[in-house]
Colleague: 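One structure, as structure tokens, below. Some questions next.
Values below: every heavy atom of this structure, side chains too, minus hydrogens, waters and symmetry copies.
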Amino acid sequence: MSKHIVEMLNQDLEGEHAAIIQYLTHAYSMGEGEVACEIEAIAREEMRHLDWLAETIVELGGVPSMNRGMMRLGDHPVPTWMHNDVLQEEDAIVMYRKHIKAVTEPKVKRLLQRILSDEEAHHAAFSHLVEKVARKKMADRTGPRGGRIAGMLNWGIEHEYTVVLQYLLHAYLAKDEEVKEELHDQAVNEMQHLGWLSEGMIDRKGTPRMEHTSIDRSRDMRDMLKADIAIERQVAAEYGRYTEEVKDKKLKQLLARIRDHEVYHDQVFSDHLKRLGKKK
């Protein structure tokens with residue numbers, strides 16, 4: 001029965017993952033503004049759902065799926081995006097209601113009912129936004145500017161998205177509480193980087209490309225930390241090269257700040273790896 005529950009929860013988790021990226025893409029593509037802030041707030045609630053589901057999956061002896069479900073990104077105009085977000089919530093509501101009926105374990109049923117109440121509220125919020133943005137007639141943006149800077153920013157977005165997933169998975173699976181907390185904290189920091197780089201793309205009239213590469217799925221904490229250290233060292237060097245290359249002062253400062261954060265992550269993960277080594 002637990003295996004069946006884990007399978008259902010992983011379906012829900014993949015749906016939350018898709019919703020997070022869909023909503024963030026729409027919010028970032030709008031730039032600053034009231035509507036974008038409202039969408040980002042909903043995305044943050046979906047992140048909490050993903051966290052709760054992943055922790056429950058681990059408690060049941062499973063491994064959280066970090067795959068992404070189906071998204072509806074759509075093209076301009078903005079009301080089309082909001083309509084797609086309404087549809088995304090409708091899919092989630094149908095799925096959660098189905099799983100609530102199928103589950104008998106009280107704790108899991110209670111969790112799904114709690115998430116369902118949020119999804120119903122999100123559905124109402126996006127339905128309201130469809131009308132709101134239609135009335136406002138928000139101006140479309142121009143297409144993304146090509147070239148080296150756009151490629152650089154999208155490389156950064158791809159990396160940050162990847163390590164958010166990797167560090168979250170490692171945090172869910174880690175047995176050491178200090179390592180678990182550290183990985184979770186750094187995932188949050190990488191999410192900040194994702195937002196900063198996406199805003200940099202929007203400032204240049206572009207659209208963030210929200211895709212990720214493969215993630216490390218190690219189960220041993222030492223192997224996890226070794227993989228995390230390796231990726232931090234690789235990208236810190238790359239951010240360093242980009243920092244030297246760009247001429248735009250604001251972008252140079254942003255890349256330097258992210259580079260310094262990545263160096264810090266490397267140092268923190270290395271300290272934990274040494275500590276675990278002493279426990280052997």
Side-chain angles (χ1 to χ4, degrees), residues 17-44 46-47 68 71 73-78 81-82 85 133 138-168 185-213 215 228 231-266:
H17 183 175
I20 291 165
I21 300 304
Q22 177 172 319
Y23 301 163
L24 286 178
T25 299
H26 290 167
Y28 292 150
S29 297
M30 292 179 194
E32 296 181 0
E34 181 184 350
V35 173
C37 288
E38 290 183 53
I39 298 171
E40 285 190 56
I42 292 174
R44 284 193 292 273
E46 306 293 15
M47 291 175 197
R68 189 174 70 196
M71 296 192 300
L73 294 179
D75 296 319
H76 290 352
V78 174
W81 294 346
M82 298 303 95
D85 295 344
V133 297
M138 297 178 66
D140 286 348
R141 290 184 171 270
T142 61
R145 292 178 182 171
R148 180 65 170 164
I149 297 299
M152 184 186 303
L153 290 169
N154 271 324
W155 168 85
I157 290 165
E158 178 182 87
H159 159 69
E160 301 299 338
Y161 182 5
T162 300
V163 292
V164 167
L165 295 179
Q166 180 165 311
Y167 296 171
L168 284 177
D185 285 348
Q186 302 317 326
V188 172
N189 191 206
E190 304 290 12
M191 178 63 77
Q192 286 182 300
H193 298 169
L194 179 72
W196 295 340
L197 292 166
S198 296
E199 289 167 2
M201 179 66 83
I202 296 304
D203 288 344
R204 290 161 178 79
K205 307 296 185 184
T207 300
R209 188 179 68 242
M210 302 291 276
E211 297 297 339
H212 65 85
T213 58
I215 65 173
D228 298 339
I231 197 168
E232 289 293 350
R233 290 179 180 174
Q234 176 187 344
V235 300
E238 194 69 13
Y239 276 125
R241 283 192 290 272
Y242 284 150
T243 300
E244 294 298 321
E245 178 181 330
V246 300
K247 305 301 182 185
D248 182 276
K249 184 177 180 180
K250 183 177 178 182
L251 181 57
K252 185 184 286 287
Q253 290 174 338
L254 172 62
L255 295 174
R257 183 182 185 188
I258 296 176
R259 175 204 60 202
D260 292 345
H261 287 185
E262 308 296 13
V263 171
Y264 172 75
H265 298 168
D266 173 6

Colleague: Please report the C-alpha distance between Met71 and Thr25 in whole Å, then the side-chain angles of each, then the deciding distance to 0.1 Å, and finally whether the side chain to side chain contact (heavy atoms under 4.5 Å, CB included) criterion is met.
Modeller: CA-CA 11 Å; Met71 296 192 300; Thr25 299; 5.8 Å; no

Colleague: Looking only at the side chains, is there a donor atom on one of His265 and Glu190 sitting less than 3.5 Å from an acceptor on the other?
Modeller: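 Present: a donor and an acceptor within the cut-off.
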
Colleague: Is any side-chain heavy atom of Leu24 closer than 4.5 Å to a side-chain heavy atom of Met47?
Modeller: yes

Colleague: Taking all atoms of both residues into account, what is the closest heavy-atom pair of Asp228 and Ile231, and its distance?
Modeller: O-CG2, 3.2 Å

Colleague: Heavy atoms only: give me the nearest Thr213-Thr162 pair and the separation to one decimal.
Modeller: N-OG1, 2.9 Å

Colleague: Closest heavy-atom contact between Met201 and Ala150?
Modeller: CE-O, 3.4 Å

Colleague: If every non-hydrogen atom of Thr207 is compared with every non-hydrogen atom of Ile202, which pair is closest and at what distance?
Modeller: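 Reported closest heavy-atom pair: CA-CD1, 4.4 Å.
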
Colleague: Could you grab the distance from atom CD1 of Ile39 to atom CD of Gln22, nearest 0.5 Å is fine?
Modeller: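 It comes to 10.0 Å.
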
Colleague: Would you name the heavy atoms of Trp81 and Ser29 that are closest together and state the gap between them?
Modeller: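 Distance-wise, the nearest heavy atoms are CH2-CB, 3.5 Å.
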
Colleague: Rounded to the nearest 0.5 Å, what separation is found between the CZ atom of Arg257 and the CD atom of Gln192?
Modeller: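 One gets 7.0 Å once the value is rounded to the nearest 0.5 Å.
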
Colleague: With side chain to side chain contact (heavy atoms under 4.5 Å, CB included) as the test, would you mind laying out the steps for Leu197 and Leu254 before giving the verdict?
Modeller: CA-CA 8 Å; Leu197 292 166; Leu254 172 62; 4.2 Å; yes

Colleague: Any side-chain heavy-atom pair from Val163 and Glu160 closer than 4.5 angstrom?
Modeller: yes

Colleague: Taking all heavy atoms of Ala236 and all of Arg259, pick out the closest pair and write down the distance.
Modeller: O-CG, 3.5 Å

Colleague: For the atom pair CG (Leu165) and NE2 (His17), what is the distance rounded to the nearest 0.5 Å?
Modeller: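 If we round to the nearest 0.5 Å, Leu165:CG and His17:NE2 are 4.5 Å apart.
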
Colleague: Taking the side chain as every heavy atom from C-beta outward, state whether Tyr242 and Arg148 have any atom pair closer than 4.5 Å.
Modeller: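 Counting from C-beta outward, Tyr242 and Arg148 do come under 4.5 Å.
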
Colleague: Measure the spacing between CD of Glu158 and CG of Leu153 and express it to the nearest 0.5 Å.
Modeller: 13.0 Å

Colleague: Does a side-chain heavy-atom distance below 4.5 Å link Arg68 with Glu211?
Modeller: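 Yes. Closest side-chain heavy atoms under 4.5 Å.
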
Colleague: Taking the side chain as everything from C-beta on, heavy atoms only, tell me whether His193 gets closer than 4.5 Å to Glu262.
Modeller: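 Yes. Closest side-chain heavy atoms under 4.5 Å.
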
Colleague: Roughly how far, to the nearest 0.5 Å, is OH of Tyr161 from NE2 of His212?
Modeller: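 Spacing of NE2 (His212) from OH (Tyr161) equals 4.5 Å.
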
Colleague: So, taking the atom named CD in Glu245 and the one named OG1 in Thr243, what distance separates them when rounded to the nearest 0.5 Å?
Modeller: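 Interatomic distance, Glu245 CD to Thr243 OG1, rounded to 0.5 Å: 10.0 Å.
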
Colleague: Between Asn154 (side chain) and Arg209 (backbone), is there a donor-acceptor pair under 3.5 Å?
Modeller: yes

Colleague: Just by modelled atom types, is the Pro208 backbone N or O under 3.5 Å from a matching donor or acceptor in the Ser198 side chain?
Modeller: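 No.
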
Colleague: For a 4.5 angstrom cut-off between non-hydrogen side-chain atoms, does Trp155 reach Val235?
Modeller: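 Heavy-atom side-chain distance check passes, below 4.5 Å.
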
